[in-house]
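Before any comments, here is the structure.
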Number of protein chains: 2
Amino acid sequence: MDAKQTPRLIDIAAKVGVHPSVVSRTLRQDPTLSIRPDTRERIEQTARQMGYRGNAQARALRGASTGAVGMVMPSLRNPVWAEIVRGVLAEAVRWNLAVLVAEVPDDRGNDEEYVRLVEEGRIDGLLLGSSEPAERSSAWPPTQVPSVHVNRAVKDAACNITMDETRAVGLFVDHLTALGHRRITLIDGPATVDTTHRRSVALQRLGEERGLEVQIVNAPYNEQGGHDAMARLLRRAAKQRPTAVGVASLNQALGALAATRTRGVAVPSDLSMICLDDDPILGFLDIQLTAVRMPLFELGEAAMQALGERLSGGNPLSREIEDPIELVGRSSTASVPVR
Amino acid sequence: MDAKQTPRLIDIAAKVGVHPSVVSRTLRQDPTLSIRPDTRERIEQTARQMGYRGNAQARALRGASTGAVGMVMPSLRNPVWAEIVRGVLAEAVRWNLAVLVAEVPDDRGNDEEYVRLVEEGRIDGLLLGSSEPAERSSAWPPTQVPSVHVNRAVKDAACNITMDETRAVGLFVDHLTALGHRRITLIDGPATVDTTHRRSVALQRLGEERGLEVQIVNAPYNEQGGHDAMARLLRRAAKQRPTAVGVASLNQALGALAATRTRGVAVPSDLSMICLDDDPILGFLDIQLTAVRMPLFELGEAAMQALGERLSGGNPLSREIEDPIELVGRSSTASVPVR
DNA sequence: CTGTTAGCGCATTCAT
DNA sequence: ATGAATGCGCTAACAG
């Protein structure tokens, strides 16, 4: 009969025989409202049975919030970001927030997309997952809405949610030094990427503290990047070569592993390898890669949580999440070869 | 001075000295409006210099559209969906549409999330990427807004955008039969998944047409699923075993490859393998897997395009996208072994 | 050529 | 304990 698409406040009011504003205040749990219990009951019941939701746009226009947030990251093709976004989506459901997703590649100055989201008033807050330095654009970082940086420690930013990369590097180095390795290389992403930077610093420091020969190699975050970096390492004279190599991402690791194969270098007997980021795939390779598990999903959740708190008037501080970072032992690491 | 956050129509009107509605009509390119060129010029210039964008919520409330669409899929962890979503995001930018993303796992009856998006009036349309049968829930499929099914042929749906799975299976079989294979197995996903179903039908038909012994094995879309399915195949007596196996997804393929290794079955000399979905990773494995490249990104683009057209009053028909599906030859396929 | 009017659906302040 | 009035920012129909 009623072909009404979506019930409005006014529809409920009409049905109950009361003024719309009363319905509004009842449903929003206005504490200053006094109302007869049975009226309240009738309103709530009618709303439920009509499936009332409330128009998000009208609320946003009237009130101060849209009930939506934006999530910006470089690329969903990168499994790391895909997993982080998953965490964000999961937590957003708990906060009753919708998530607008935009890809803004690091190499593109054009951040039109997220700027639009902000300036059109579509979102209450922003989760920023780009990895490039902060000085990319005129409108960066955005000041119109609260934002939280994800997986990135931006100086002077209100809130950065990160993982303990230092601990990850620590686990990686501990594991290798326990096996006798003292010449260790880390193949990581471009030096401009914040996580890469933090890992580099951590590794350098550890190297000095323990008198290790550490080295960082920067390479693109893909198979070819990992492959070429490893190939270059293996072209060195044996004495110059690391006895163990860490690789920052899954894709790079697969490339690097391919390079050892081509070069006839046996893993782990000639060279130990660790991937700084776990993935089920690693357990099914010809050489099963030992990895450091990073809590990516949890990072996404924590970031969304921090943003939720900010939007609720809270003031969450920047923090490294506590979730476990663990070494997942497989078969790509062994004692340092005697030469 | 002006701490005005976001310029409104009224701000521009005030600055130019004209009525807000004139500004609105000018900026919206209303064809019925006649206006003096210099006034138009001043309005446009002022709008540009003030960085006017227009409030999305107000527009949505007033007009009939929100300028946003929803994208629902089972999981971003699945690289297939991640890539499709990337295509969707890219095309959405061209249509000036924001994209709200929600994960709704196939095994969960609860589709609260997207229902909310619709009923709260947040979106103009919906891209539906779930793979389970249509009869999941009371509110399914949604009728309030136009929707387009992505990678899924739903009977009687207004618009399904799919890939030519038949052609993919054709390429796969052609390649193998050219190498002399006549006993071919396809390890695919759960039988309830639509793409799996279409590939199964195509393979069965091809088998009959060409007098091949074909078989479909259903397994979960992950490494373990692929592994276990392949292990089961290899436990058979040699005569019963296929000489070539296709695997539907990257993750399953890596599991399957691991099973051949454990079992001491050499690929491709004992068994040929093809992955029905290309990925850069495949070129860096110990055994480089031949694959059929599927145009996933393009699928996402096409689906978003179809939805865009529907929202613009068009009536795009269901279609299979034309983008190239190609065999990417690597080293996991060879002539059938003589036994 | 441009201004006026009205109202989208809701939340809030004030009045009864 | 409830109703009425107002306006968020914008667009569309109608007046001048």
Side-chain angles (χ1 to χ4, degrees), chain A residues 4-44 46-47 50-68 118-124 144, chain B residues 4-44 46-47 50-68 118-124 144:
Chain A
K4 197 121 302 153
Q5 287 285 353
T6 295
R8 297 157 305 169
L9 221 35
I10 200 181
D11 299 321
I12 301 180
K15 195 148 184 178
V16 178
V18 83
H19 196 274
S21 79
V22 179
V23 180
S24 170
R25 283 170 287 179
T26 306
L27 261 28
R28 306 237 94 201
Q29 325 244 43
D30 181 345
T32 72
L33 172 72
S34 67
I35 187 173
R36 256 189 320 196
D38 69 303
T39 314
R40 145 165 286 143
E41 183 49 44
R42 271 169 53 229
I43 292 175
E44 282 172 347
T46 311
M50 295 184 75
Y52 177 77
R53 298 252 177 196
N55 182 297
Q57 325 293 338
R59 275 213 254 267
L61 189 56
R62 178 67 238 264
S65 90
T66 65
V118 175
E119 300 199 341
E120 288 180 344
R122 284 189 189 278
I123 55 179
D124 298 331
Q144 309 220 23
Chain B
K4 196 122 303 153
Q5 286 286 354
T6 294
R8 296 157 306 167
L9 220 38
I10 201 180
D11 299 321
I12 302 180
K15 197 147 185 180
V16 178
V18 81
H19 195 275
S21 81
V22 179
V23 180
S24 170
R25 282 171 285 177
T26 307
L27 263 29
R28 306 233 95 201
Q29 326 243 45
D30 182 343
T32 72
L33 171 72
S34 66
I35 187 174
R36 258 189 321 195
D38 70 304
T39 314
R40 145 164 285 143
E41 183 50 42
R42 273 169 51 233
I43 291 176
E44 281 172 348
T46 311
M50 294 184 76
Y52 176 76
R53 297 257 176 191
N55 182 299
Q57 325 293 337
R59 275 213 254 267
L61 189 54
R62 180 67 239 264
S65 91
T66 64
V118 175
E119 301 198 341
E120 286 179 345
R122 286 190 188 277
I123 55 179
D124 298 330
Q144 309 219 23

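Note that these values count all heavy atoms, side chains included, but never hydrogens, waters or copies made by symmetry. Below, chains carry the letters A, B, ... as their sequence lines are ordered, and counting in each starts from 1.
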Is any side-chain nitrogen or oxygen of [X] closer than 4.0 Å to OP1 or OP2 of [N]?
{"X": "A:Thr39", "N": "D:dT2", "result": "yes"}
{"X": "A:Ser24", "N": "C:dT12", "result": "no"}
{"X": "B:Tyr52", "N": "D:dC10", "result": "yes"}
{"X": "B:Arg8", "N": "D:dG9", "result": "yes"}

*Among the candidates D:dT2, C:dT2, D:dG9, find the nucleotide nearest to the side-chain atoms of A:Val18.*
D:dT2
*Considering only D:dT2, C:dG3, C:dG9, which nucleotide approaches the side chain of A:Arg36 most closely?*
D:dT2
*Please tell me which of B:Leu61 and A:His19 maps to the more 5' nucleotide of DNA chain C, matching each residue to the nucleotide holding its nearest heavy atom.*
B:Leu61
*So which one's nearest nucleotide on DNA chain C is more toward 5', B:Ile35 or A:Leu9?*
B:Ile35
*Output yes when A:Asp30 and A:Arg28 qualify as a salt bridge under the 4.0 Å nitrogen-oxygen rule, no when they do not.*
no
Please report the distance, rounded to the nearest Å, between [atom1] in [X] and [atom2] in [N].
{"X": "A:Asn55", "N": "C:dC8", "atom1": "CG", "atom2": "P", "result": "12 Å"}
{"X": "B:Leu33", "N": "D:dA12", "atom1": "CG", "atom2": "C1'", "result": "12 Å"}
{"X": "A:Asp30", "N": "D:dT2", "atom1": "CG", "atom2": "C1'", "result": "13 Å"}
{"X": "B:Arg59", "N": "C:dG9", "atom1": "CZ", "atom2": "P", "result": "18 Å"}
{"X": "A:Ile12", "N": "C:dC10", "atom1": "CD1", "atom2": "P", "result": "8 Å"}
{"X": "B:Arg25", "N": "D:dA15", "atom1": "CZ", "atom2": "P", "result": "14 Å"}
{"X": "B:Ile43", "N": "C:dG3", "atom1": "CD1", "atom2": "P", "result": "9 Å"}
{"X": "B:Ile10", "N": "D:dG7", "atom1": "CD1", "atom2": "C1'", "result": "11 Å"}

*Does A:Thr46 use its side chain to pair, donor to acceptor, with the backbone of A:Arg42 at less than 3.5 Å?*
yes
*Any side-chain heavy atom of B:Asn55 sitting closer than 4.5 Å to one from B:Thr6?*
no
*Interatomic distance, A:Arg62 atom CZ to B:Gln57 atom CD [nearest 0.5 angstrom]*: 14.5 Å
*Decide yes or no, distance alone: a donor-acceptor N/O pair under 3.5 angstrom between the base of C:dT2 and the side-chain of B:Ser21.*
no
*Would you say the base of D:dG9 and the side-chain of A:Arg62 have a donor-acceptor pair closer than 3.5 Å?*
no
*Starting from the C-alpha separation in whole Å, work towards a yes-or-no answer on side chain to side chain contact (heavy atoms under 4.5 Å, CB included) for B:Asp11 and B:Arg8.*
CA-CA 5 Å; B:Asp11 299 321; B:Arg8 296 157 306 167; 3.0 Å; yes
*What nucleic acid atoms does A:Gly121 come within less than 4.0 Å of, heavy atoms only: base, sugar-phosphate, or nothing?*
nothing
*Reckon A:Arg28 touches a base, only the sugar-phosphate, or nothing at all at heavy-atom distances under 4.0 Å?*
sugar-phosphate
